[in-house]
*Asks:* 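The following block contains the structure, expressed as C-alpha cells.
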There are 2 protein chains.
Amino acid sequence: MQPALRPSLPEPPAQSAHDRVYRGLRQQVMHGELFPGTPLTLRGIGKSFGVSMTPAREAVRRLTAEGALTFSASGRVATPELSNERIEELASIRALLEPELASRALRRAHMALIDRMQSINEANARAIHRQDPVDYIRTNLEFHRTLYLRAQSPAMLGLLETVWLQLGPTMRALYTRLRRTTAPPHHRLILEALRAGDDAALRLALRTDVTQGLRHLVV
Amino acid sequence: MQPALRPSLPEPPAQSAHDRVYRGLRQQVMHGELFPGTPLTLRGIGKSFGVSMTPAREAVRRLTAEGALTFSASGRVATPELSNERIEELASIRALLEPELASRALRRAHMALIDRMQSINEANARAIHRQDPVDYIRTNLEFHRTLYLRAQSPAMLGLLETVWLQLGPTMRALYTRLRRTTAPPHHRLILEALRAGDDAALRLALRTDVTQGLRHLVV
DNA sequence: TCACGCGGTTTGTGATCACAGTTTGCGATG
DNA sequence: CATCGCAAACTGTGATCACAAACCGCGTGA
C-alpha cells in the first residue's frame, strides 16, 4: 500500500464494508495479482473479506462499471481477457492522456517530487531484478501516478486509472511470460526531461514509455 | 431512445432489473433531465422502476462509479454539483478525446453517415427553436456519438460517455438558464470538414465546438 | 474409448428485514 | 413571533433467504 499517495486524492476513510471490498479487489486487479480470466464468485469474495454477498455484489458492480471485471456469459464474474484490438486501443488512450497529465504536472513539479520519483524508480528496478511481476507493476504505476498527481486534474487521472485497471490482468500475464531483467529505459528520459523542464521531451518520453511498454502485450 | 445506434455497441438485451434501472437512470442523467443537486432515494428509484431496493442500489453504485451520481454527506444520493475547476477539466478532456475520435472516424466515414448526422443536426436546431433543453442535449450528444461510433474505438467512446454523464446535470442547468435561439455554428464546420475529408479542420472544428459550448458553463 | 445425459451443486438475482444514523416537522417555551 | 428540542419518519447498510439458471462430474450407453 502507498499511504503517502493518499492525501492528494481526497477520499475520506469511508469504512463501509462494500468500500473495503471495492478497494481491496481494485488493488488486486490493478496491481496484476490476478491473471486474465480468473473466475470470481460473490460468495467467495464476501467470505475472503468477511462480509456477506451484498457488499461483495456492490463492489463487483462498481468494478465492472470501470472495466476491471467482466460478466462472462450469464453473469459469471471474471477478470477480463482483452482482445488485441482492445489492448491497442487502451494503449493509445494511455498515449493520449499520460503526456497531457505529465505536461500539466511539469509546471508544478519541484525537486522533491523528482527525487521521490527517482526512489520509486529504484524500487521498480529492484522488482525487475527480483522478477516480481506484481511489485513491478505496482511501482511502475506508482512512478507514473506520483507525477500525475501534481497535475491537479483528478478527473483525468481518474479516467487514466480506469484504463490501468482494465490492463491490470493483461500486464500481469505479459510480465510473467517475458521475464525481463533490465529496467525500461524510458523512466530515465522522463526524469531528465522533468529536470530540464522540457515539455516536448517529457511528452515524447511518456508516449514512448507507454507504447513501448505495451508493444509486447500483443500476443 | 435511439434504436439505430445500438448495433455498434454490442450490448445484449440484458434484461435484469438492475440493468433496466441503470440504463434508465443513466439516460436521465446524461440527457439532462435532472438538475445538479437533485436528491434521489433508493426506495424512490426502486418504486419508480417497479423493483426493490436491491437493484436500485446496484444501479446507483454503478452510476456513482462513473461520476453520474455523488454520495453527499453521510450517504445521500444526488446528482453532482460540479465546481468550476471540475467543469473546465472535463471540458479539456472532451477537447482531448473528441478530436481524436473524430479523426479516427474520418477514415471510415461515408456519405450515409454524414447525411444521418445532418438530419440529427436539424433535429437539434428544432430543439433549440422549441427551447427544449433535454431534447437539445440529447440530439447534440447523438450528433457527436453518431460520428464517434464510426471510430470503432469502444473503450475511448466509453470513457467519453463517462465524461458526458458527469456533465449532464450541469449542461441542463446551463441550457435552462441561457435560452439561446440560434444553433451552435460549429456543427456546420464539422460536417464540412467531414465532406472535405480534412483531418486538421475536423479536429479544430471539434475542439472549438467543445470548448465554445462549455465556455458559458463557468458561472 | 469416447460421447452423451442427468442429477447434485454452485452461482447470481432480487426481495425482505432489522438497524443505526440523519433529517424533518411540529409543538412547547422564551 | 421566533427559537429550540424532541420524536416520528426517512434513508442507506448489510444480512439472509428463496429461487432459477448454469455448471460440473459421474455414470451409462454406443
Side-chain angles (χ1 to χ4, degrees), chain A residues 10-29 34-81 165 169, chain B residues 10-29 34-81 165 169:
Chain A
E11 301 181 57
Q15 281 307 355
S16 53
H18 85 261
D19 215 76
R20 283 206 324 275
V21 178
Y22 168 75
R23 287 183 212 275
L25 273 181
R26 179 185 149 100
Q27 175 163 304
Q28 286 184 33
V29 173
L34 274 41
F35 281 84
T38 306
L40 299 173
T41 67
L42 297 185
R43 287 171 177 86
I45 294 168
K47 195 156 64 175
S48 79
F49 283 90
V51 297
S52 86
M53 293 172 56
T54 312
R57 240 198 304 183
E58 297 180 40
V60 165
R61 200 67 73 188
R62 209 170 147 186
L63 287 166
T64 54
E66 301 179 295
L69 298 175
T70 59
F71 274 89
S72 71
S74 69
R76 290 322 216 260
V77 185
T79 50
E81 301 182 271
L165 209 46
Chain B
E11 300 180 58
Q15 281 307 357
S16 54
H18 85 262
D19 215 76
R20 283 205 326 273
V21 178
Y22 168 75
R23 287 184 212 275
L25 273 181
R26 179 186 149 102
Q27 175 163 301
Q28 287 184 34
V29 173
L34 275 42
F35 281 84
T38 305
L40 298 174
T41 67
L42 297 185
R43 288 171 177 87
I45 293 168
K47 195 157 62 175
S48 79
F49 283 90
V51 299
S52 85
M53 294 172 53
T54 313
R57 239 196 308 181
E58 296 179 41
V60 164
R61 200 65 74 189
R62 208 170 145 184
L63 287 165
T64 54
E66 301 179 294
L69 298 175
T70 58
F71 275 89
S72 71
S74 68
R76 290 326 214 258
V77 185
T79 50
E81 301 182 272
L165 209 46

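Here is how names work: the chains are called A, B, and so on, in the same order as the sequence lines, proteins then strands, and each is numbered from 1. Source: prediction; values computed, not measured.
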*Asks:* Quick one: list whatever passes side-chain hydrogen bond (donor to acceptor under 3.5 Å, both in side chains) with Gln28(A), sequence neighbours left out.
*Replies:* none
*Asks:* Atom OH of Tyr22(A) to atom C1' of dT13(D): distance rounded to whole Å?
*Replies:* 19 Å
*Asks:* Quick one: closest heavy-atom pair of Pro36(B) and Pro80(B), and the distance?
*Replies:* CB-O, 3.5 Å
*Asks:* dG14(C), OP1 or OP2 - any side-chain N/O from Thr54(B) closer than 4.0 Å?
*Replies:* no
*Asks:* Within this structure, what is the CG-to-P distance between Leu63(B) and dG12(D), rounded to whole angstrom?
*Replies:* 14 Å
*Asks:* Work out which heavy atom in Arg61(B) is nearest to a heavy atom in Phe71(B); give both atom names and the distance.
*Replies:* NH1-CZ, 3.3 Å
*Asks:* Indicate the atoms forming the closest heavy-atom contact of Pro169(B) with Phe35(B), along with that distance.
*Replies:* CB-C, 3.9 Å
*Asks:* Do any N or O atoms of the protein come closer than 3.5 Å to N or O atoms of nucleotides 8-11 of chain D, and which pairs are they?
*Replies:*
none

*Asks:* What closest approach, in Å, do His18(A) and Ala59(A) show between heavy atoms, and which atom pair accounts for it?
*Replies:* O-CB, 3.8 Å
*Asks:* Starting from the 5' end of DNA chain D, give me the residue, Ser72(A) or Pro55(A), whose nearest nucleotide shows up first.
*Replies:* Pro55(A)
*Asks:* Met53(A) CE to dA18(D) C1': how many Å, rounded?
*Replies:* 12 Å
*Asks:* Specify the separation, in whole Å, of atom CD of Glu58(B) and atom P of dG12(D).
*Replies:* 15 Å
*Asks:* Without decimals, in angstroms, what is the distance between Phe71(A) CZ and dA21(D) P?
*Replies:* 18 Å
*Asks:* Which angle, to the nearest 10 degrees, lies between the helix axes at the two ends of the helix from dT1(C)-dA30(D) to dG30(C)-dC1(D), each defined by five pairs?
*Replies:* 10°
*Asks:* Rounded to whole Å, how long is the line connecting atom CG of Asp19(B) with atom P of dG12(C)?
*Replies:* 16 Å
*Asks:* Write down the distance between NZ (Lys47(B)) and P (dA15(C)), rounded to a whole number of angstrom.
*Replies:* 15 Å
*Asks:* Would you kindly give the CD1-to-C1' distance between Ile45(B) and dG14(C), to the nearest whole Å?
*Replies:* 16 Å
*Asks:* Check Asp19(B) with Arg26(B), please: is the shortest side-chain N to carboxylate O separation under 4.0 Å?
*Replies:* no
*Asks:* Taking only the side-chain heavy atoms of Arg61(A) (C-beta and beyond), determine which of dT13(C), dA15(D), dA15(C) contains the nearest atom.
*Replies:* dT13(C)
*Asks:* Please answer whether the main-chain N or O of Thr79(A) pairs with a side-chain N or O of Thr38(A) as donor and acceptor at a distance below 3.5 Å.
*Replies:* no
*Asks:* Shortest non-hydrogen contact from Ala68(A) to Val29(A)?
*Replies:* O-CG1, 3.7 Å
*Asks:* Tell me whether the side-chain N or O atoms of Arg57(A) pair up with the base of dG14(C) as donor and acceptor below 3.5 Å, since no angle test is needed here.
*Replies:* yes
*Asks:* Could you walk me through whether Val51(A) and Val21(A) pass side chain to side chain contact (heavy atoms under 4.5 Å, CB included), step by step?
*Replies:* CA-CA 9 Å; Val51(A) 297; Val21(A) 178; 3.9 Å; yes
